[in-house]
Amino acid sequence: MKCTNCNKNIISVHNEYSNFPIYCVNCWWSDDWDAIDYGREFNFGKSFFEQWELLQNDVPKINMINDN
């Protein structure tokens with residue numbers, strides 16, 4: 001699979017056909033994107049979980065976490 005941001009080949013714990021962007025470790029920790037950009041107003045006309053799913057499908061996820 002490829003990083004959605006830099007297009008580098010990566011290995012990920014996420015399915016390559018996921019609905020959300022998947023970033024490599026370097027892109028995810030970089031200053032190339034800002035999580036604040038994904039903020040949105042709460043819509044009281046829709047359910048919380050419907051809005052949560054839409055948010056989760058827009059915000060990039062890290063490809064994997066590895067801790068020595």
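One-based numbering along the sequence shown.
- Other residues, nucleotides and ligands contribute at most 12 non-hydrogen atoms within 6.0 Å of the CD atom of E53.
- Linking Ile, Leu, Val, Met, Phe, Trp and Tyr residues whenever their side-chain heavy atoms come within less than 4.5 Å places W29 and I65 in a single cluster.
- Side-chain contact between T4 and F20: absent, with no pair of heavy atoms (C-beta onward) separated by less than 4.5 Å.
- For the side chain to side chain contact (heavy atoms under 4.5 Å, CB included) test, residues two or more places apart in sequence or in another chain that qualify with Q51 are F42, N43, K46.
- Among pairs with a residue in residues 12-34, none fulfils salt bridge (Lys or Arg N to Asp or Glu O under 4.0 Å), at least two apart in sequence or across chains.
- Once rounded to the nearest 0.5 Å, the distance linking SG of C6 with OH of Y23 reads 9.5 Å.
- Between W28 and W33, the ring-plane angle classifies as tilted under the 30° and 60° cut-offs.
- Linking ILVMFWY residues whenever their side-chain heavy atoms come closer than 4.5 Å, directly or via other members, leaves I22 and L54 in distinct clusters.
- Judged as a salt bridge (Lys or Arg N to Asp or Glu O under 4.0 Å), and not counting sequence neighbours, the contacts of D58 are R40.
- Of all the heavy atoms in C3 and C24, the pair that sits closest is SG-N, 3.3 Å.
- For the pairing with S12, the side chain to side chain contact (heavy atoms under 4.5 Å, CB included) check across M64, K2, M1 returns one residue only, M1.
- Cluster annotation: L55 and I62 are assigned to the same hydrophobic cluster (Ile/Leu/Val/Met/Phe/Trp/Tyr, side-chain heavy-atom contacts under 4.5 Å, transitive).
- Atoms SG and CG, from C27 and N7 in turn, are 10.0 Å apart once rounded to the nearest 0.5 Å.
- Looking at heavy atoms from C-beta onward, I11 lies out of side-chain contact with N63 at the 4.5 angstrom threshold.
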